[in-house]
Amino acid sequence: MPKVTMNINGRARSTEVENRTLLSTALREKLHLTGTHIGCDTSQCGACVVHVNGKAVKSCAVFAVELDGATIDTIEGQAAPDGSLNVIQQAFKDHHGLQCGFCTPGMVMSAAALLKDNPKPNEAEIRDYLEGNICRCTGYQGIVNAIMAASGQAVPAIAAE
Amino acid sequence: MYDFDLVIPSSVADAASAMKADGAQALGGGQTLLPTMKQRLAAPEVLVKLSDLAEMVGVSAASGILRVGGATTHAQVAEEGAAYPALAALAGNIGDPAVRNRGTIGGSIANNDPAACYPAGALGSGATIITDRREIAADDFFTDLFETALDEGEIITAVNFPIPDAANYQKFDQPASRFALVGVFVARFGDAVRVAVTGASNGGVFRWSVAEEALSADFSASAVEGLAVNAGDMISDLHGSAAYRAHLIGVLTRRAVQSC
Ligand SMILES: Cc1cc2nc3c(=O)[nH]c(=O)nc-3n(C[C@H](O)[C@H](O)[C@H](O)COP(=O)(O)OP(=O)(O)OC[C@H]3O[C@@H](n4cnc5c(N)ncnc54)[C@H](O)[C@@H]3O)c2cc1C
Ligand code: FES
Ligand code: FES
């Protein structure tokens with residue numbers, strides 16, 4: 001079986017995969033990084049979003065074997081080593097950006113990709129960027145508010161309190 | 001999905017020879033092919049990875065042509081296609097950001113999904129599809145639903161888009177799939193106007209020639225007022241009836257002209 005080595009959350013990790021092994025499967029089942037969620041496995045929901053070489057990608061729609069040498073960031077690398085949340089995660093917690101939490105790893109990774117390109121997005125830009133991330137619980141307003149807050153902007157007045 | 005052999009070529013020439021193997025298929029960004037393989041609607045024995053081939057990645061503009069390498073992602077075209085703003089906008093509105101970071105123009109055009117955006121951009125611009133063997137005019141390329149003029153194993157290495165004087169793409173989103181329910185691409189080169197329609201027809205992307213004639217004579221939204229597309233040829237599904245799609249073509253064509 002081919003062996004792939006990826007730099008995952010700042011650490012070199014190697015694993016054997018089949019050619020058909022998806023990145024999501026390699027992360028979850030080979031490397032036991034189960035923070036990346038599989039919602040649909042059909043490229044629709046975005047729960048599996050990770051960063052590949054700094055860009056948001058649906059890990060259920062790419063083969064691990066294509067990524068030998070790539071840099072991967074997953075939800076596990078977002079909090080500090082002592083477990084304290086990063087600014088996006090904390091904002092999700094503070095602004096009701098999650099309920100069941102299933103979509104949250106993908107939402108946080110998409111939000112992180114957005115804020116890297118556009119540090120102060122407006123509400124329309126946030127909603128547009130999250131087009132590929134589906135949440136069945138929150139109705140999205142809490143997520144939008146969290147990303148506004150994480151980017152240091154005022155949260156719209158209708159925020160859930 | 002079934003397993004397969006993977007070839008990672010280092011040049012287009014290597015890729016072309018790998019494509020001669022029995023059961024070989026090109027792998028672009030995989031955004032269409034992987035879901036298809038999961039459903040076992042495709043089961044290639046060999047995948048030939050094109051997506052990082054330097055010869056096939058990049059956007060450049062010279063002498064009125066925007067050249068897009070066949071393995072260039074939608075995100076890169078959106079970012080670097082400023083010389084042809086309507087095309088950059090089309091690329092930047094395909095699917096969602098994660099799909100745009102992987103999906104490539106070659107994969108989109110080779111797949112010729114009846115609801116895809118690039119076929120409308122290519123046909124509307126009168127683009128030339130460049131392969132490892134020849135050049136094909138967009139007018140001859142999109143032959144039917146999911147069918148193209150590509151031969152077995154042929155690789156799209158680039159697409160050359162003539163840059164029009166004015167152009168605009170109007171996409172009426174199908175929010176669940178994020179494809180176009182109907183999309184209309186209008187391009188004006190001097191007095192000559194091309195109108196390409198995606199998402200609507202049972203035969204895939206097509207040129208609306210009646211509207212092209214009207215707009216070539218008078219490039220204004222009112223010139224297409226009252227023109228109708230035959231609903232008999234239109235797709236009808238749970239997202240929209242044939243009559244609804246036919247109606248949208250008129251509406252979107254007027255909006256595209258107004259936005260030019
Ligand atoms: C959620 C979602 C939303 C989407 N929304 C849209 C949308 O709004 N508009 C739109 O247009 N598309 C949309 N797409 C499709 C997307 O644009 C795909 O990226 C594209 O259709 C296929 O490109 P790919 O590079 O991923 O090709 P692949 O999936 O790798 O390949 C597709 C087909 O093309 C062949 N192929 C690939 N590259 C080449 C080449 N260079 N030469 C010859 N053959 C080749 C493959 O063998 C395969 O048959 C969406 C996809 C998803 C998952
Ligand atoms: S699991 Fe990958 S998009 Fe839903
Ligand atoms: S919090 Fe439950 S799906 Fe988003």
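Letters A, B, ... are given to chains in the order of the sequence lines, protein chains preceding strands, and every chain is numbered from 1.
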- Applying a criterion of heavy atom separation less than 4.5 Å, what residues of residues 9-27 of chain A form contacts with chain B? A:Glu18, A:Asn19, A:Arg20, A:Leu22
- Message: Between B:Leu27, B:Asp52, B:Leu33, who has the most heavy-atom pairs with chain A when the cutoff is under 4.5 Å?
- Response: B:Leu27
- Between chain A and each of B:Leu47, B:Leu34, B:Asp5, count heavy-atom pairs under 4.5 Å; write down the option with the most. B:Leu34
- Decide, yes or no, whether a salt bridge links B:Arg102 with A:Glu66 under the criterion of side-chain N to carboxylate O below 4.0 Å. yes
- Honestly, the part of A:Ile134 sitting under 4.5 Å from a heavy atom of chain B is side chain
- Message: Whether the side chain of B:Asp173 engages the backbone of B:Pro175 through a donor-acceptor N/O pair (distance < 3.5 Å, no angle test) should be reported.
- Response: no
- A:Lys120 side chain to A:Ser151 backbone, donor-acceptor under 3.5 Å: yes
- Would you find more than 12 non-hydrogen atoms of other residues, nucleotides or ligands less than 6.0 Å from B:His239 atom NE2? yes
- Message: Check the orientation of B:His74 and B:Tyr118. Use parallel for under 30°, tilted for 30 to 60°, and perpendicular for over 60°.
- Response: tilted
- Query: Taking the side chain as C-beta and beyond, is there a heavy-atom pair between B:Val186 and B:Asn168 under 4.5 Å?
  - Reply: no
- Donor + acceptor pair across side chains of A:Gln44, A:Thr42 (<3.5 Å): no
- Largest heavy-atom contact set with chain B, pairs under 4.5 Å, which of A:Ser110, A:Gly46, A:Cys60, A:Ser43: A:Cys60
- Item | B:Ala176 versus chain A, the contacting section by heavy-atom distance below 4.5 Å | backbone
- Residues that A:Arg28 engages under side-chain contact (heavy atoms from CB on, under 4.5 Å), provided they are two or more places apart: A:Thr34, A:His37, A:Ile38
- Checking heavy atoms, do the side chain of A:Asp41, its backbone, both or neither come under 4.5 Å from chain B? both
- Note on the structure: Between B:Phe141 and the options B:Ile109, B:Val205, B:Leu123, B:Val159, the side chain to side chain contact (heavy atoms under 4.5 Å, CB included) test singles out B:Ile109
